[in-house]
Amino acid sequence: MAEIRLTNTRTRKLEDFEPIDPSDVRLYLCGPTVYDRAHLGNARPVVVFDVLVRLLRHVYGADHVTYVRNFTDVDDKINATAASRKAAGAAGTLEDLIRERTEETIGWYHADMDALGAARPDHEPRATAYIGQMIAMCEDLIAKGHAYAAEGHVLFSVESYKDYGRLSGRSVEDMIAGARVEVAPYKRNPMDFVLWKPSSDELPGWDSPWGRGRPGWHIECSAMSYELLGPSFDIHGGGNDLMFPHHENEIAQSCCAHPGSGFANVWLHNEMLQVEGRKMSKSLGNFFTVRDLLDQGIPGEVIRMVFLGTHYRKPMDWTEAKREEAEKTLRKWRALTDGAAPGTVSPAVLSALSDDLNTAGAIAELHKLAAAGDAAGLKASAAMIGLLEDAMGGWAETAEVDLSAYADALAAIRAQAMETKDFAAVDAMKKDLVAAGIEVRMSKAGIELKLMPVESINSVLAKSLNRNAADDADEAEFWSDLAERMKANQQASQENQPEMLEALAEKYLK
RNA sequence: GGCGAGUUGGCGGAGUGGUGACGCAGCGGAUUGCAAAUCCGUGUACAGGAGUUCGAUUCUCCUACUCGCCUCCA
């Protein structure tokens, strides 16, 4: 059995993974706050954990892994959206509108993550379904002297937990010196954080011993992981921006509520995602959602492949060049594995994955399998990281169109050209075919025509807009030119390819 | 200011105390009427400095640079 090694943020070391209970390996991933579409960065930990879960199931057995990922459906941004909808005259109570908003966002999230080939977790708890448990946890923490109520709030006392700051390598003193904490008169220590806060009448709230209120941000993960996985479990993770304060606070809450449990053994944090070398942000204009990419016609499998090309602990740069390369590779591999039955998983792939989820190394091994022509091994091994699976391959199939009439016509012209040595007519037809998105292969044996995948005008337009003109004027011009040509039907796009074929038939098949 | 990550050939990106992945691009060749596709071949890369060592890209320290987090954004 492959020994799995993972980098544990808690110890800052690469450690052999030893499950608490090999018959039930338990992991928890901090899921989304469901206020809007998931952006591309949200998808990274999901894909990382999906690979991890596949590996764990492979090693410990499909039924011996429990994967939990929450939906945080209590949040001020959700409230704000619901409030603005109500103000705009939407029907229903505020609670209804909040529910509507979270339901619709969860639906989007599922659709988007499904498209990336990420299997749904075993449990997807919603924070609102665990309010009672959160209140109980707050009461327990107060009883144990780790929290206190003040002005309708319940606050966690960081001074009551000596290891506070250990995960993120900070000390309470340093953080106070940084002075980036909310100062509030009811806090005993400026670093104390909110477990429960009061709600006004316009905000969603639940009755509690401290009045009507709602939970703070961190308590839901502590409450839900306890309910579903117990006081201690194997792996807990998320993006490294969650390390502080979110995970730090979770640890403090959970460890104080359940002394001696240790909470999560291994903390797994993925690095952030960048776009074309820059942080993805709305102000830079390079902010986009998973759905934006899917709508441009970029297959989820391609997005996944790009993600896996970079180790999860390194910043990942999303670039157009990577997208193209990933798509090309997947097409090649899909052609190779088409119709093949999965064989056995390559030990080299397994060994790469076991080494701190070295997906880039695993992909390198897949390249070797492909080069060796081992379709069965490639298919089985790729499935370990969620690639080349039948369910995700639709995008790589090209439409079945009978091109034999075109091939015959070209063959006739070519046969004549062979005699006259004047190939102008052949070249002209070939050029037209290529422009229409048909690949032309001529050999002594004959002529082979193949419909090539072509981009949609929307995708090309998106690319020309995505380019920062100052940085990449040539690129931007290239894509806008291409879009123009597509519109003018001088170049095939998904939308106009049928028309172009029609025109070619008119020209050459009469 | 505090904390952390990183710096590998044209590009992307693994890995290793001593025979320098892998992919893409490039170049050369085969093939082709020319191409495309395919196949074969091809690369004096490890930010800088000091140290440890028989030997370091790989370990330690320092410097430079890049990036992220500390703002309920994964």
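Only heavy atoms go into these numbers, but all of them, side chains included; no hydrogens, no water, no symmetry mates. Chain naming here is simple, since letters A, B, ... match the order of the sequence lines and numbering starts at 1 in each.
- Straight-line distance between the C1' atoms of B/rC72 and B/rU16: roughly 42 Å, to the nearest whole Å.
- Put simply, A/Asn358 has a side-chain N or O that comes within less than 4.0 Å of OP1 or OP2 on B/rG15.
- Residue-level contact check: A/Arg441 touches the bases, meaning some heavy atom is under 4.0 Å from a base atom.
- Not one side-chain nitrogen or oxygen of A/Lys332 sits closer than 4.0 Å to the OP1 or OP2 atom of B/rG23.
- B/rC65 and B/rG6 make up a base pair, with Watson-Crick or G-U wobble contacts both under 3.5 Å.
- The CZ-C1' distance, from A/Phe423 to B/rG33, rounds to 4 Å in whole Å.
- B/rA21 and B/rU53 have their P atoms separated by 29 Å, given to the nearest Å.
- Looking at heavy atoms from C-beta onward, A/Trp210 lies in side-chain contact with A/Cys138 at the 4.5 angstrom threshold.
- Here the nucleotide nearest the side chain of A/Arg414, chosen from B/rC69, B/rC72, B/rG33, is B/rG33.
- The pairing partner recorded for B/rG43 is none, the criterion being a Watson-Crick or G-U wobble arrangement whose two distances lie under 3.5 angstrom.
- Taking atom C1' in both B/rG12 and B/rC69, the straight-line distance is 26 Å, to the nearest Å.
- At a threshold of 4.0 angstrom between heavy atoms, the contacts of A/Lys368 are confined to the sugar-phosphate backbone, with no base atom among them.
- The residues A/Arg304 and A/Asp50 are annotated as salt-bridged, a charged nitrogen and a carboxylate oxygen being separated by less than 4.0 angstrom.
- Within the 4.0 angstrom heavy-atom criterion, only backbone atoms of the sugar-phosphate kind lie near A/Arg12; the bases stay farther away.
- A/Leu29 comes within 4.0 angstrom of nothing in the nucleic acid, heavy atoms only.
- Ring planes of A/Phe263 and A/Trp267: tilted class, angle from 30 to 60°.
- The side chain of A/Asp427 approaches B/rC34 more closely than any other nucleotide in the set B/rA74, B/rC34, B/rU32.
- Nearest to the side chain of A/Lys430, among B/rA5, B/rC34, B/rG23, sits B/rC34.
- The side chain of A/Lys197 places no N or O atom within less than 4.0 Å of a non-bridging phosphate oxygen (OP1 or OP2) of B/rC72.
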Salt bridge (charged side-chain N to carboxylate O under 4.0 Å, His left out) between A/Lys328 and A/Glu325: does it pass, once the steps are laid out? CA-CA 5 Å; A/Lys328 212 163 133 184; A/Glu325 195 176 323; over 6 Å; no
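- Within the 4.0 angstrom heavy-atom criterion, no nucleotide atom of any strand lies near A/Glu365.
- When the C1' atom is used for both B/rC46 and B/rG18, the distance is 16 Å, rounded to whole Å.
- A distance of about 48 Å separates the P atoms of B/rA30 and B/rC67, rounded to the whole Å.
- Across all strands shown, B/rA37 has no partner, as no Watson-Crick or G-U wobble contact with both distances under 3.5 Å is found.
- Residue A/Lys431 is classed as having no contact, given no heavy-atom separation below 4.0 Å to the nucleic acid.
- Contact annotation: A/Lys314 reaches the phosphate of B/rA14 (side-chain N/O to OP1 or OP2, under 4.0 Å).
- Taking atom CG on A/Leu353 and atom C1' on B/rA14, their separation rounds to 13 Å, with Å as the unit.
- The shortest distance between the side-chain N/O atoms of A/Lys328 and the OP1/OP2 oxygens of B/rA25 is below 4.0 Å.
- A 3.5 Å limit on both hydrogen-bonding distances identifies no Watson-Crick or G-U partner for B/rU71.
- B/rG23 and B/rC11 make up a base pair, with Watson-Crick or G-U wobble contacts both under 3.5 Å.
- Within the shown strands, nothing qualifies as a pairing partner of B/rU52 under the Watson-Crick or G-U definition with both distances less than 3.5 Å.
- The backbone N or O of A/Thr128 sits less than 3.5 Å from a side-chain atom of A/Asp73, completing a donor-acceptor pair.
- Among B/rG12, B/rC34, B/rG4, the nucleotide with an atom closest to any side-chain atom of A/Lys322 is B/rG12.
- Across the strands present, B/rU31 finds no partner; the criterion is a Watson-Crick or G-U wobble pair with both atom distances under 3.5 angstrom.
- In this structure, A/Gly41 reaches the bases: a heavy-atom distance under 4.0 Å links it to at least one base atom across the strands shown.
- By the 30° and 60° cut-offs, the orientation of the rings of A/Phe193 relative to A/Tyr164 is parallel.
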### Task
Take A/His153 and A/Tyr186 through the side-chain hydrogen bond (donor to acceptor under 3.5 Å, both in side chains) test and state the conclusion after the steps.
CA-CA 8 Å; A/His153 296 71; A/Tyr186 48 80; 3.1 Å; yes
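- Per the geometry, CG belonging to A/Asp422 stands 15 Å off P belonging to B/rC34, to the nearest Å.
- For the P atoms, the distance linking B/rU7 with B/rU60 amounts to 14 Å, nearest Å.
- Projected onto RNA chain B by closest heavy-atom contact, A/Pro32 and A/Gly309 fall at different nucleotides, the more 5' of which corresponds to A/Gly309.
- Set against B/rG23, B/rG33, B/rA14, the side chain of A/Val426 has B/rG33 as its closest nucleotide.
- Out of B/rA21, B/rG23, B/rA74, the shortest distance to the side chain of A/Pro45 is found at B/rA74.
- Taking atom P in both B/rU58 and B/rG49, one finds a spacing of 12 Å when rounded to whole Å.
- Residue A/Glu325 places its side chain closer to B/rG23 than to any other of B/rU32, B/rG15, B/rG23.
- With distances taken from any side-chain atom of A/Leu242 to the nucleotides B/rC72, B/rA74, B/rG4, the minimum falls on B/rA74.
- Between A/Arg334 and A/Glu301 there is a salt bridge, since at least one side-chain N of the basic residue sits less than 4.0 Å from a carboxylate O of the acidic one.
- Two residues, A/Thr310 and A/Met442, neighbour RNA chain B, and the one matched to the more 5' nucleotide by heavy-atom proximity is A/Thr310.
- Checked against B/rC69, B/rC22, B/rA37, the side chain of A/Glu439 finds its nearest nucleotide in B/rA37.
- We find that CE of A/Met305 is positioned 11 Å from C1' of B/rC24, with the value rounded to whole Å.
- Taking the C1' atom of each, B/rA14 and B/rG23 are spaced 11 Å apart, rounded to whole Å.
- Between the CG atom of A/Asp75 and the CZ atom of A/Arg101 there is a distance of 11.0 Å, given to the nearest 0.5 Å.
- Proximity note for A/His39 (side chain, C-beta onward) versus B/rG15, B/rG13, B/rA74: the nearest is B/rA74.
- Counting any heavy atom pair closer than 4.0 Å across all strands shown, A/Lys450 reaches no nucleic acid atom.
- Across all strands shown, A/Phe193 has no heavy atoms under 4.0 Å from either base or sugar-phosphate atoms.
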